[in-house]
Amino acid sequence: VILIQSNGIMERVMEYTYDDDLEELCPVCGDKVSGYHYGLLTCESCKGFFKRTVQNNKRYTCAENQECKIDKTQRKRCPFCRFQKCLNVGMRLEDSNAGKHLLP
DNA sequence: CTAGCCTTGAAC
DNA sequence: GTTCAAGGCTAG
């Protein structure tokens with residue numbers, strides 16, 4: 001946790017100490033992030049994908065053992081595991097008051 | 001179905 | 001008035 005103070009008042013709080021990833025890639029697919037989406041930094045693809053999936057109650061099935069490695073190439077092959085990973089990294093459609101900057 | 005751009009709303 | 005993120009729309 002990093003605290004940046006200015007004039008003795010806390011302005012911003014950084015949480016989540018990622019060690020390998022620089023905060024510029026999706027934790028899901030590894031594409032370039034476009035900003036904060038659903039509680040964390042994701043790319044436009046995952047934003048749209050997650051939206052489509054959750055909002056329309058999409059139902060995917062994994063042909064394998066639900067252990068697919070999700071990267072920029074395989075993410076299209078297994079939407080099920082992609083979605084699993086989205087959930088696993090902490091994406092939430094509504095109310096994801098987690099690692100945002102300062103919102104009520 | 002995927003993914004980028006555009007639009008809209010809320011917070012600041 | 002500006003910025004950020006959610007949502008929508010469309011082309012491939």
Side-chain angles (χ1 to χ4, degrees):
Chain A
V1 177
I2 303 170
L3 300 177
I4 300 176
Q5 292 186 325
S6 178
N7 290 338
I9 303 174
M10 293 187 292
E11 296 225 321
R12 192 158 185 173
V13 180
M14 296 264 298
E15 296 184 41
Y16 301 112
T17 59
Y18 289 85
D19 42 1
D20 44 82
D21 279 33
L22 299 173
E23 286 84 82
E24 50 184 69
L25 306 175
C26 280
V28 182
C29 63
D31 209 339
K32 311 294 174 287
V33 300
S34 62
Y36 278 88
H37 299 291
Y38 304 106
L40 30 101
L41 288 164
T42 60
C43 61
E44 280 293 304
S45 328
C46 287
K47 176 177 93 78
F49 169 73
F50 195 78
K51 184 182 56 175
R52 291 188 153 272
T53 306
V54 180
Q55 284 185 176
N56 300 61
N57 281 290
K58 247 82 214 268
R59 218 64 170 254
Y60 304 111
T61 48
C62 181
E64 294 297 314
N65 199 35
Q66 286 120 43
E67 294 177 6
C68 302
K69 301 288 181 290
I70 304 300
D71 56 61
K72 197 176 178 179
T73 44
Q74 286 190 340
R75 60 175 150 167
K76 299 197 189 72
R77 301 289 152 86
C78 194
F80 180 87
C81 290
R82 216 232 279 219
F83 185 61
Q84 284 288 115
K85 196 163 183 180
C86 285
L87 264 43
N88 218 62
V89 296
M91 285 177 78
R92 226 104 199 204
L93 183 59
E94 291 182 24
D95 185 74
S96 8
N97 232 46
K100 282 197 169 183
H101 39 91
L102 220 76
L103 286 169

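Every heavy atom of this structure was used, including side-chain atoms; hydrogens, water molecules and symmetry mates were not. Residue numbers begin at 1 in each chain, while the letters A, B, ... track the order of the sequences.
- If you measure from atom CZ of A/F49 to atom P of B/dG4, you get 14 Å, rounded to the nearest angstrom.
- The CD atom of A/E44 sits 10 Å away from the C1' atom of B/dC6 (whole-angstrom rounding).
- In this model, the phosphate group of B/dT2 is not approached by any side-chain N or O of A/R77 to a distance below 4.0 Å at OP1 or OP2.
- Dashed line: the shortest gap from a side-chain N or O of A/H37 to OP1 or OP2 of C/dA6 is under 4.0 Å.
- The NZ atom of A/K51 sits 13 Å away from the P atom of B/dT2 (whole-angstrom rounding).
- For the pair A/F50 CZ and B/dG4 P, the interatomic distance rounds to 18 Å; values are reported in whole Å.
- Among the protein residues, A/K76 comes within range of the sugar-phosphate backbone only, with heavy atoms under 4.0 Å from sugar or phosphate atoms but none that close to a base.
- The two residues A/C81 and A/E67 have their closest heavy-atom pair at SG-N, 4.0 Å.
- As a whole-Å value, the separation of A/Y38 OH from C/dG7 C1' is 7 Å.
- To the nearest 0.5 Å, atoms CZ (A/R92) and SG (A/C86) are separated by 13.0 Å.
- The side chain of A/K47 lies closest to B/dC5 when the candidates are B/dG4, B/dT2, B/dC5.
- At whole-Å resolution of the value, CD1 in A/I70 and P in B/dA3 are 11 Å apart.
- Within the nucleic acid shown, A/R75 comes within 4.0 Å of sugar-phosphate atoms alone, with no base atom in reach, counting heavy atoms only.
- Atom CD of A/Q55 is surrounded by more than 12 heavy atoms from other residues, nucleotides or ligands within 6.0 Å.
- Whole-Å rounding puts the A/K58 NZ to B/dA3 C1' distance at 14 Å.
- In this structure, A/K51 NZ and A/E44 CD are separated by 9.0 Å, a value rounded to the nearest 0.5 Å.
- A tilted orientation is assigned to the rings of A/Y38 and A/F50, their planes being inclined by 30° to 60°.
- Between A/Q55 and the phosphate of C/dA6, there is no side-chain N or O to OP1/OP2 separation shorter than 4.0 Å.
- If you take CZ of A/R52 and P of B/dA3, they are 11 Å apart, rounded to a whole angstrom.
- A close approach under 4.0 Å does occur between a side-chain nitrogen or oxygen of A/S45 and OP1 or OP2 of B/dG4.
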